[in-house]
Student: 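If you scroll down you'll find the structure; I have some questions about it.
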2 protein chains.
Amino acid sequence: MDRAPTDAPRLTTPTLQDVAARAGVSTATVSRALNFPDRVAAATRDRVMQAVADLGYSPNFGARAMAARRTNTIGAIIPTMENAIFARGLQAFQDGLRAEGFTLLVASSAYSAAEEEEQIRTLVARGADGLLLIGHERDRRIRDFLDARGIPALVTWAFDANAAHPSVGFDNRAAMRTLADRAIEMGHSRLAMISADTVGNDRAAERVAGVRKAMAAAGLDAADLTVIVTPYGIDNGGRALAQLMARDRAPTVVLCGNDVLAVGALRQARLMGLDVPGDLSITGFDDIELAQVAVPELTTVHVPHRKMGAEAARVLARMVRDGAPAEAVKLPADLRMRASLAPPRARRGGPRMWWPGASRR
Amino acid sequence: MDRAPTDAPRLTTPTLQDVAARAGVSTATVSRALNFPDRVAAATRDRVMQAVADLGYSPNFGARAMAARRTNTIGAIIPTMENAIFARGLQAFQDGLRAEGFTLLVASSAYSAAEEEEQIRTLVARGADGLLLIGHERDRRIRDFLDARGIPALVTWAFDANAAHPSVGFDNRAAMRTLADRAIEMGHSRLAMISADTVGNDRAAERVAGVRKAMAAAGLDAADLTVIVTPYGIDNGGRALAQLMARDRAPTVVLCGNDVLAVGALRQARLMGLDVPGDLSITGFDDIELAQVAVPELTTVHVPHRKMGAEAARVLARMVRDGAPAEAVKLPADLRMRASLAPPRARRGGPRMWWPGASRR
DNA sequence: TTGTACGCGTTATCAA
DNA sequence: TTGATAACGCGTACAA
């Protein structure tokens with residue numbers, strides 16, 4: 001009665017009803033045929049599937065979510081999509097999730113706590129059964145929000161067994177410290193850093209802390225460490241390096257909070273006519289593809305993106321499915337020694353004048 | 001009766017009902033207060049908002065979508081998130097969308113037609129009011145699917161005024177041709193390409209066609225063009241270059257289908273001890289950040305990522321809102337001449353031995 | 001193995 | 001300005 005008897009194409013999306021009508025069964029049967037194929041007779045199942053194909057039916061997600069009270073969807077909020085930092089890990093995460101029968105929804109927060117909170121609410125409103133978050137540091141309210149709704153969240157890109165949420169990640173501080181140790185062993189004593197803002201970014205904070213710890217352990221004054229804070233970005237890395245080199249007592253090694261900043265610094269050094277690593281060593285963090293394309297190739301901390309993503313998928317899937325209280329997983333992050341870090345003043349080529357500031361303690 | 005009279009925190013997400021009860025109004029009023037604040041009395045509105053805040057209420061997206069029959073959500077399917085090719089454009093798109101009151105949902109197809117189709121269905125099932133697609137080439141079924149549901153789709157990263165869907169993009173063929181023209185003018189006659197698979201990828205196909213056209217116009221035999229086909233990826237670009245240089249009659253210029261391949265080729269050339277652009281010129285396409293970080297800096301085609309994203313947001317928002325049949329927008333993509341392209345055999349520095357194969361026609 | 005009927009949380013129409 | 005109430009499309013007891 002509400003449908004004209006013509007054969008004009010309906011500009012409407014087919015529903016379960018339509019499929020049921022065409023297959024000559026009830027909507028319940030269609031639903032079952034779709035969700036539990038083995039609980040319906042083969043013959044009816046075939047009829048249903050045929051009707052589904054004929055109509056180009058696909059289930060309405062919202063309705064399904066509402067009725068089933070679950071979506072098989074996982075949400076992830078990453079700080080940025082602008083560069084490849086999180087890309088590889090996320091890809092692995094998505095692949096792992098798919099294998100577990102989940103779909104991934106990604107949002108980005110632009111490194112803003114407020115935006116992250118909004119995105120979390122959005123994803124939850126959209127029915128995310130679980131959440132992947134980057135780093136531990138965030139407002140307590142968010143944890144309460146998720147707890148109240150019984151939505152499990154897993155943190156990655158950081159590791160802290162005692163934090164509010166379980167994590168699958170690595171120890172940012174220890175990793176950076178290892179790198180700084182190595183630089184100091186090589187004879188560097190004038191270190192500087194280029195870092196992202198450490199407010200609300202525990203990975204950045206931990207990395208700075210790692211350098212300070214290495215300095216203190218080597219008998220250097222950690223207070224001497226100059227840290228330029230700037231948003232991630234190639235150009236920003238370049239500008240920061242320029243600032244650093246303009247100071248008196250310029251550093252002999254610049255440890256960057258990530259590869260993107262480091263590549264920018266590298267580029268700036270080249271523009272300034274500085275030889276890396278002859279005049280100046282530069283290091284990164286993350287080991288994204290960029291690091292190996294840079295000239296000279298970048299010494300950096302290798303983050304196990306793929307393994308981390310895959311592992312996170314496994315753990316989070318378990319949390320969502322079993323309501324399990326989740327194992328935290330600590331992954332190793334090791335050094336990738338490449339050309340951009342070398343002893344200060346290019347002493348590699350053979351004996352040279354010894355320079356007081358470059359003592360090995 | 002179904003709720004224990006204790007004050008134990010309910011592990012459930014608050015609904016409109018809950019808010020209504022707490023504010024002492026009907027659900028209809030809460031809904032209005034949320035969606036049309038000026039259609040309810042200031043006093044009641046305040047009460048409602050307070051209840052919303054108290055409860056930490058956020059509307060269930062699925063239910064809302066079902067009742068309102070629209071989601072203010074736009075879906076985008078991009079070929080990959082693994083590198084930054086689409087990142088900047090997508091960011092601009094998202095920003096533009098937000099300004100128009102829409103939310104963006106992103107999915108990636110891994111350059112697979114089948115996956116793209118699946119993602120399209122998924123996004124539509126999730127209620128996307130409109131879709132952003134990359135490139136024109138896809139199965140006819142998809143267009144029918146979208147047409148039947150009345151879901152507008154906009155194509156970007158390509159321009160074709162006559163295609164099924166309207167587009168906001170640039171002319172891949174013309175852009176690549178301009179670059180090839182330039183190389184030929186410089187004296188190159190032995191061109192080669194490294195391209196992504198052109199099946200189902202009209203951008204790649206058009207770029208190859210552009211080079212062929214330039215060769216033909218210059219009196220070169222387009223059939224002579226060697227094209228190595230490989231998936232996008234830095235390593236793949238490197239391997240392809242190695243293959244190219246192993247052939248007899250190696251090229252003097254390698255035009256790459258995008259910057260990622262080009263940077264890989266650049267790296268491989270360095271490993272092989274080839275001087276770029278002295279021994280060999282290499283060019284890219286896209287002008288992502290990578291291009292300026294590469295050594296030597298990459299000559300490439302500049303794609304107006306930001307403008308394209310912003311414009312696409314504007315146009316698609318109009319399509320969704322007004323059901324408007326959409327203006328196609330053609331954007332310019334111009335050359336960025338940098339160091340990686342130069343006349344063959346490094347004749348720039350002064351007189352040199354002339355080499356037969358390197359004639360300038 | 002299949003069908004009936006209710007509820008999921010929201011918007012929107014219609015009355016009051 | 002507000003309140004009832006009927007959809008929206010699907011899953012799932014429960015019954016047949």
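Chain letters run A, B, ... following the sequence lines, proteins first, then strands; residues in each count from 1.
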Student: Reckon A/Thr29 has a side-chain N or O less than 4.0 Å from the OP1 or OP2 of C/dT2?
Tutor: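 No, outside the criterion.
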
Student: A/Arg70 CZ to D/dG11 C1': how many Å, rounded?
Tutor: 9 Å

Student: 5'-most contact on DNA chain C: B/Ser31 or A/Val40, nearest heavy atom basis?
Tutor: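 It is A/Val40, whose closest nucleotide lies nearer the 5' terminus.
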
Student: For B/Gly75 and B/Ala128, which heavy atoms make the closest approach, and how far apart are they?
Tutor: N-CB, 4.0 Å

Student: Go through the steps for B/Gln50 and B/Asp54 under the test side chain to side chain donor-acceptor pair (under 3.5 Å), then give the verdict.
Tutor: CA-CA 6 Å; B/Gln50 186 58 49; B/Asp54 292 348; 2.8 Å; yes

Student: With heavy atoms under 4.0 Å as the rule, sort B/Ala28 into base, sugar-phosphate or nothing.
Tutor: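 Since a base atom lies under 4.0 Å of B/Ala28, the category is base.
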
Student: In degrees, rounded to 10°, what is the bend between the two ends of the helix from C/dT1-D/dA16 to C/dA16-D/dT1, using five pairs at each?
Tutor: 30°

Student: Strictly under 6.0 Å, is that where the ring centroids of A/Trp157 and A/His305 end up?
Tutor: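 Yes, the ring of A/Trp157 comes within the 6.0 Å limit of the ring of A/His305, centre to centre.
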
Student: Just the rounded figure in Å: distance from P of D/dG11 to CG of A/Leu34.
Tutor: 7 Å

Student: Rounded to the nearest Å, what distance is computed from the OH atom of residue B/Tyr57 to the P atom of nucleotide C/dT10?
Tutor: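 In whole Å, C/dT10 P and B/Tyr57 OH are 3 Å from each other.
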
Student: Atom CD of B/Gln17 to atom P of D/dA4: distance rounded to whole Å?
Tutor: 11 Å

Student: Hey, which of these two, B/Thr27 or B/Arg45, hits DNA chain D nearer its 5' end, going by closest nucleotide?
Tutor: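 Result: B/Arg45.
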
Student: Is the phosphate of C/dC8, meaning OP1 or OP2, less than 4.0 Å from a side-chain N or O of B/Asn60?
Tutor: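 No, B/Asn60 has no side-chain N/O under 4.0 Å of OP1/OP2 on C/dC8.
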
Student: Going by modelled atom types, is there a donor-acceptor pair between the base of C/dG7 and the side chain of A/Arg69 at under 3.5 Å?
Tutor: no

Student: For A/Thr15 and D/dG9, is the shortest distance between a side-chain N/O and OP1 or OP2 below 4.0 Å?
Tutor: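 Checking D/dG9 against A/Thr15, no side-chain N or O comes under 4.0 Å of OP1 or OP2.
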
Student: Which is true for A/Leu16 with a 4.0 Å heavy-atom rule: it touches a base, it touches only sugar-phosphate, or it touches nothing?
Tutor: sugar-phosphate

Student: Verify salt bridge (charged side-chain N to carboxylate O under 4.0 Å, His left out) between A/Glu327 and A/Arg318, making sure each step is shown before the conclusion.
Tutor: CA-CA 10 Å; A/Glu327 350 131 33; A/Arg318 256 180 50 71; 3.3 Å; yes

Student: Can you tell me the distance, in whole Å, between the CZ atom of B/Arg126 and the P atom of D/dC10?
Tutor: 15 Å

Student: Looking across every strand, which nucleic acid part, if any, lies under 4.0 Å from B/Val25 by heavy atom: base, sugar-phosphate, or nothing?
Tutor: sugar-phosphate

Student: Hey, is B/Arg138 close enough to B/Glu116 for a salt bridge, meaning N to O under 4.0 Å?
Tutor: yes

Student: Are OP1 or OP2 of D/dT2 and a side-chain N or O of B/Thr44 less than 4.0 angstrom apart?
Tutor: yes

Student: Of all the choices, C/dT10, C/dT4, D/dG11, which nucleotide is nearest to the side chain of A/Arg64 once you look at every atom?
Tutor: D/dG11

Student: Can a salt bridge be assigned to the pair B/Arg140 and B/Asp144 using a cut-off of 4.0 Å between side-chain N and carboxylate O?
Tutor: yes

Student: Could you give the CZ-to-P distance, from B/Arg32 to C/dC14, as a whole number of Å?
Tutor: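 One finds 14 Å between P of C/dC14 and CZ of B/Arg32, rounded.
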
Student: To the nearest Å, how far apart are B/Asn35 CG and C/dT10 C1'?
Tutor: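 From B/Asn35 CG to C/dT10 C1': 9 Å.
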
Student: Report the residue (A/Phe36 or B/Met66) whose heavy-atom-nearest nucleotide on DNA chain D is the more 5′ of the two.
Tutor: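 In this pair, the answer is B/Met66.
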
Student: Should the pair A/Arg39 and A/Phe36 be classed as cation-pi, given the thresholds of under 6.0 Å to the six-membered ring centre and 45° from the axis?
Tutor: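 Positive - A/Arg39 is close enough to the ring of A/Phe36 and near enough to its axis.
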
Student: Working note: B/Ser109 + B/Ser112, criterion side chain to side chain donor-acceptor pair (under 3.5 Å); need CA distance, chi angles, decisive distance, verdict.
Tutor: CA-CA 6 Å; B/Ser109 67; B/Ser112 147; over 6 Å; no

Student: Just the rounded figure in Å: distance from P of C/dG9 to CZ of A/Arg149.
Tutor: 12 Å

